[in-house]
Amino acid sequence: MIPTPHNAAKLGDIARTVLMPGDPLRAEFIAEHFLQEPVQFNSIRGMLGFTGQYKGVTVSVMGSGMGMPSIGIYSYELLSFYGVENIIRVGTAGGIHRDLKLKDIVFAIGASTNSNYASQYNLQGTFAPVADYSLLRTAVDIAEREGFRYMVGNILSSDTFYSDAEDTMDWAKMGVLAVEMETAALYMNAARLCKKALGLFTISDSLITGEITSSEERQNSFTDMMKVALETAHRIG
Ligand code: HPA
């Protein structure tokens, strides 16, 4: 199955741990600023992917695109055809919990969703998509050691950014911390394929106060999140 319709990489081009931002240009930025000797392995549909070194460990970074169908395709191919063992999504999310401040890091212990993605598994009930505990524990430990502000909890992976129903805050009643659009599909693919996944996010906007981060703030908080993700990749080898 490789190369796939969406990925030009050959077997061995991609590391066992892949960091996935939504934006492919972010993937390029991460490769250029955080990895040594990055080599590009994909540009099909502009979904840039690179493999390089971080403190002597081989790490890849690839865009996921926006939404569950997009990350569903790319992560499935990485996990089932390219021998990838760990995917760490590094994204932004909108805060819906009053204790969250802009730029805080959120670790998704679980990813609730309004999507129908789980219907493919024909389960007679509601599947709870969860993070891999070893990745989660490692990443939270690093954030703690670095003194970063963070929360660990449930998030919402939504199918809509612009929701006609304006119902996102209903999820806050259930203790959900933040909203983004990809992690539930990533966790379900990882579960189905017996692989490991984690989603972590910087809070880019608040649906409670309407505040949004400036581009400078986004850059700094992004760097903190990348430190957590890369150090996690380094620790798990
Ligand atoms: N909604 C969905 N996805 C997001 C948001 C949001 O408010 N902020 C960042 N990603």
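- Between the side chain of S163 and the main chain of T160, no donor-acceptor pair closer than 3.5 Å is present.
- Under the 4.5 Å side-chain heavy-atom criterion for Ile, Leu, Val, Met, Phe, Trp and Tyr, F50 and V90 are members of the same hydrophobic cluster.
- Partner of Y54 under the side chain to side chain contact (heavy atoms under 4.5 Å, CB included) criterion, out of L35, L19, V61: L35 alone.
- There is no path of hydrophobic side-chain contacts, each under 4.5 Å, that joins L156 to M68.
- Each of L186 and F127 belongs to its own hydrophobic cluster when Ile, Leu, Val, Met, Phe, Trp and Tyr are linked at side-chain heavy-atom distances under 4.5 angstrom.
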Output, in order, the C-alpha distance, side-chain angles, deciding distance and verdict of side chain to side chain contact (heavy atoms under 4.5 Å, CB included) for F222 and I30. CA-CA 10 Å; F222 175 76; I30 292 166; 3.7 Å; yes
Steps toward side-chain hydrogen bond (donor to acceptor under 3.5 Å, both in side chains) verdict (S157, E180): CA-CA 5 Å; S157 296; E180 52 85 73; 2.6 Å; yes
Could you walk me through whether T4 and E77 satisfy the side-chain hydrogen bond (donor to acceptor under 3.5 Å, both in side chains) test, starting with their C-alpha distance in whole Å, then the side-chain angles of each, then the deciding distance to 0.1 Å, before giving a yes or no? CA-CA 7 Å; T4 76; E77 292 181 348; 2.7 Å; yes
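- Of the possible donor and acceptor atoms, one in the side chain of T213 sits under 3.5 Å from a partner among the backbone N and O of S204.
- Once rounded to the nearest 0.5 Å, the distance linking CG of L200 with OG1 of T92 reads 11.5 Å.
- Listed by chain and residue number, nothing satisfies the salt bridge (Lys or Arg N to Asp or Glu O under 4.0 Å) test with R192 (two or more places apart in sequence, or in another chain).
- Looking only at distances, a side-chain donor or acceptor of N42 sits under 3.5 Å from a matching main-chain atom of M47.
- Using a 4.0 Å cut-off between a side-chain N of Lys or Arg and a carboxylate O of Asp or Glu, K101 and D104 do not qualify as a salt bridge.
- Atom CH2 in W171 sits 13.5 Å away from atom CG in L177 (nearest 0.5 Å).
- Listed by chain and number, the residues in a salt bridge (Lys or Arg N to Asp or Glu O under 4.0 Å) with K195 are E85 (sequence neighbours excluded).
- Contact detail for K103 and S221: the closest heavy-atom pair is CB-CB, 3.7 Å.
- The CG atom of L100 sits 11.0 Å away from atom OG1 of T209, with the distance rounded to the nearest 0.5 Å.
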Apply side-chain hydrogen bond (donor to acceptor under 3.5 Å, both in side chains) to residues Y117 and N189 and explain how you reach the verdict. CA-CA 10 Å; Y117 198 86; N189 279 352; 2.8 Å; yes
Would you sort out whether I109 and F107 count as a side chain to side chain contact (heavy atoms under 4.5 Å, CB included), showing the intermediate values? CA-CA 6 Å; I109 194 168; F107 296 90; over 6 Å; no
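- Although no hydrogens or angles enter the test, the distance criterion places a donor-acceptor pair under 3.5 Å between the side chain of D132 and the main chain of L135.
- Atom CD in E182 sits 12.5 Å away from atom OH in Y74 (nearest 0.5 Å).
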